[in-house]
Protein chains: 2
Amino acid sequence: MKKKIALKDIAQHVGVSTALVSYVLNGRAEEKRVGKEIAEKIREAADTLNYRPNQIAKSLKTNRTNTVGLIVADINYRFTSGVTRAIEAEAGKNNYTVILGSSDEDHSKFAELVNVLVNRQVDGLILVPVEKSESQIEWLKKHEIPFVLIDRNFPGIQANHIAVDNFRTAYQCTQHLIKTGHKKIGFINYKTTLYHLRERDRGYFQALEDHGLKNNSKFKKEIREKHVQEDVLRSVQELVAQGCDGIFFATDIIAINGLKYINGMQLRVPEDLAIVSFDEAEAFELFYCPITHARQPLEEIGKIAVNTLMDIINHNQVNRQIYLEAGFVLGRSCGE
Amino acid sequence: MKKKIALKDIAQHVGVSTALVSYVLNGRAEEKRVGKEIAEKIREAADTLNYRPNQIAKSLKTNRTNTVGLIVADINYRFTSGVTRAIEAEAGKNNYTVILGSSDEDHSKFAELVNVLVNRQVDGLILVPVEKSESQIEWLKKHEIPFVLIDRNFPGIQANHIAVDNFRTAYQCTQHLIKTGHKKIGFINYKTTLYHLRERDRGYFQALEDHGLKNNSKFKKEIREKHVQEDVLRSVQELVAQGCDGIFFATDIIAINGLKYINGMQLRVPEDLAIVSFDEAEAFELFYCPITHARQPLEEIGKIAVNTLMDIINHNQVNRQIYLEAGFVLGRSCGE
DNA sequence: ATGAAAGCGCTAACAT
DNA sequence: ATGTTAGCGCTTTCAT
């Protein structure tokens, strides 16, 4: 890499001090009452010498990096791409850069990433926490490092967070299956302690109870995160064998796998089996029957997350626990 | 954010100089022959004081950030998630962090991102260049900033790059349709000057020619990047009207849209229409018929890209133009 | 209106 | 074996 042009190079070139150059190039010429001509000369020199400010040096001095760290759970989730895009856009508006890392749902990788990002002096973090990452969150709180949680949170830890209302959304999904005349409603969810997924359980159970279908709860299946394919296959087979006429999938990934096997089993949707999915997937478009599903407001989550983080960074008092309403997309997978 | 512990704090705490602390904490205690006991004390102090090295300061001094910038074309492409994952993993092994940005196929956004990343002193860049980004690439060359192109390149610009062999892969895809007995083979590709997509054209045409189907070239359709949905729909309709018995889709995005409309038109694959796609999509799994497609070696591309970049950064002479072979996944979308 | 200089936290050359 | 110190490129206070 060629030698870089520094502030003092252009100061030398013009024959002024570095202070003036700094003022002018930071748009504070007026404020600092720098002579018009000098200012112009400085700008010219910066241009011809192709000056690029060294953000590292600037950061060291100002103690600000204008960088936020974003740790997602898995880069393949629909949630991730949508929310990442929104976060990058909103961060850009605030003149911030996003450093992205993926924990792949692994808490040690999560801890490692937090570490790396904090060492790199990010001004704040936007986190999708994973199982067993409570101690990391506590650590961030203790050290007063600005952060906001999205998608997930821990009921025992008070922190700023933005997410969809999982309970309510799951309730609606289940209720939709009930209202479209289905009597034996299966539910497939991950086996996990993650609160947001437990909330989806609660929504399912509550809806059953409120509609006098409490006995349906035996149709709830749990799958292991490391064995999605085989467990979903087994679960679908079991539910069908138990005579279910509808299935509610707790996530897009589960839904995609479920539908794949339903295809394989030659079952027709919605005639043989009604389907509702929490979250949408691009893949749904290729299924012969439009899938009814809840849609998270990814744009909004990302936007609010960034703005909340900005508030924290700028030392405004913030205490936000936001549960957003999900959209509900009506397909034909529960009948017409 | 609480006051940070700095090197000198722990030096003070132990009663030694900052130099010793620096040596010990960078694992150079032996090399610098620091006393065993002192070294131990320093490590302890660092631990209890919860010292986190300030990478910014380190970078300013060493002129190295251990950061690579990755600019992708669109975060929703299958190519992106796969290759990002591979790059992050490989970069991590080399003790590097990845800063990700997405240009959304927009050259001014691309330029802006290059700028931001260079100002942030990334040690190098991995780029998926977009249309009209030639000047940026030239600029990077001129300033001897380490970079490697992936997925795409410009024939007029000599640069290190890693990609799949687009010509050969497209040739194989087309040939497969021919060999499975199809006579009127449509092809849908983007209208673009991007060389890698033009190479796919060339592969298609060459295969037709080599198999005496030169007249088929009227079945090639171009779609606009900003109007994928409507243009793909129109193209499929036209090809069907022209009596095509097979379609080759030039990208996963085009394929997903194409299949969606084929579904809508009540056409059966492969009976009414045979299909081959360049690139795979998760969505294919939900289509009733397994789609035959080429699969790019994303892992390998990412890995080689990082290692090439590391070589450049470490001043090894590097001149690599690598064209990898794609995998070919046999579905049933061209018949049994 | 402009300049001199301190100092951000760290590394490394040099001194002891 | 350990300490002292210059300096990375920038911002900003204080002088002038």
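Proteins come first, then strands; the chains are lettered A, B, ... in the order of their sequence lines, and each starts at number 1. All values below come from the heavy atoms of this structure, side chains included, with hydrogens, waters and symmetry mates left out.
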Can you check the [X] [atom1] to [N] [atom2] distance for me, whole Å?
X: Gln55(B); N: dC8(C); atom1: CD; atom2: P; answer: 19 Å
X: Lys8(B); N: dT5(D); atom1: NZ; atom2: C1'; answer: 15 Å
X: Ile5(B); N: dC10(C); atom1: CD1; atom2: P; answer: 10 Å
X: Ile56(A); N: dC10(D); atom1: CD1; atom2: P; answer: 11 Å
X: Gln121(B); N: dC10(D); atom1: CD; atom2: P; answer: 9 Å
X: Gln12(A); N: dG3(C); atom1: CD; atom2: P; answer: 13 Å
X: Arg52(A); N: dC8(D); atom1: CZ; atom2: C1'; answer: 19 Å
X: Lys58(B); N: dA12(C); atom1: NZ; atom2: C1'; answer: 13 Å

May I ask you to check whether [X] and [Y] show a side-chain donor-acceptor distance below 3.5 Å?
X: Glu131(A); Y: Thr193(A); result: yes
X: Ser81(B); Y: Asn76(A); result: yes
X: Arg120(A); Y: Thr67(B); result: yes
X: Tyr195(B); Y: Asn153(B); result: no

Exercise. Would one find a side-chain N or O of Ser22(A) under 4.0 angstrom from OP1 or OP2 of dC10(D)?
Worked result: no
Exercise. Can you check whether Tyr51(A) has a side-chain N or O nearer than 4.0 Å to OP1 or OP2 of dC10(D)?
Worked result: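 Affirmative; the distance criterion is met.
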Looking at every strand, decide which applies to [X] at a 4.0 Å heavy-atom threshold: base, sugar-phosphate, or nothing.
X: Ala19(A); value: base
X: Asn63(B); value: nothing
X: Lys61(B); value: base
X: Arg28(A); value: sugar-phosphate

Problem set entry | Pair Tyr323(A) + His161(A): ring centers closer than 6.0 Å | yes
For this session: Specify the residue among Thr18(A) and Leu60(B) whose closest nucleotide of DNA chain C lies further upstream toward the 5′ end.
Result: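 Residue closer to the 5' terminus by nearest nucleotide: Thr18(A).
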For this session: Just grab all the salt bridge (charged side-chain N to carboxylate O under 4.0 Å, His left out) pairs involving residues 100-111 of chain B, residues at least two apart or on different chains.
Result: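 Qualifying pairs: Arg85(A)-Asp104(B), Asp104(B)-Lys109(B), Glu105(B)-Arg152(B).
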Problem set entry | Position toward the 5' end of DNA chain D (nearest nucleotide), Leu20(B) or Asn26(A) |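 Final value for this comparison: Leu20(B).
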Exercise. Among Ile126(B), Val68(B), Asp311(B), Leu70(B), which residue meets the side-chain contact (heavy atoms from CB on, under 4.5 Å) test with Val306(B)?
Worked result: Ile126(B)
For this session: Enumerate the residues from residues 30-45 of chain B whose closest heavy atom to DNA chain C is under 4.0 Å, giving them by residue number; use none for an empty result.
Result: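 Nothing qualifies; none.
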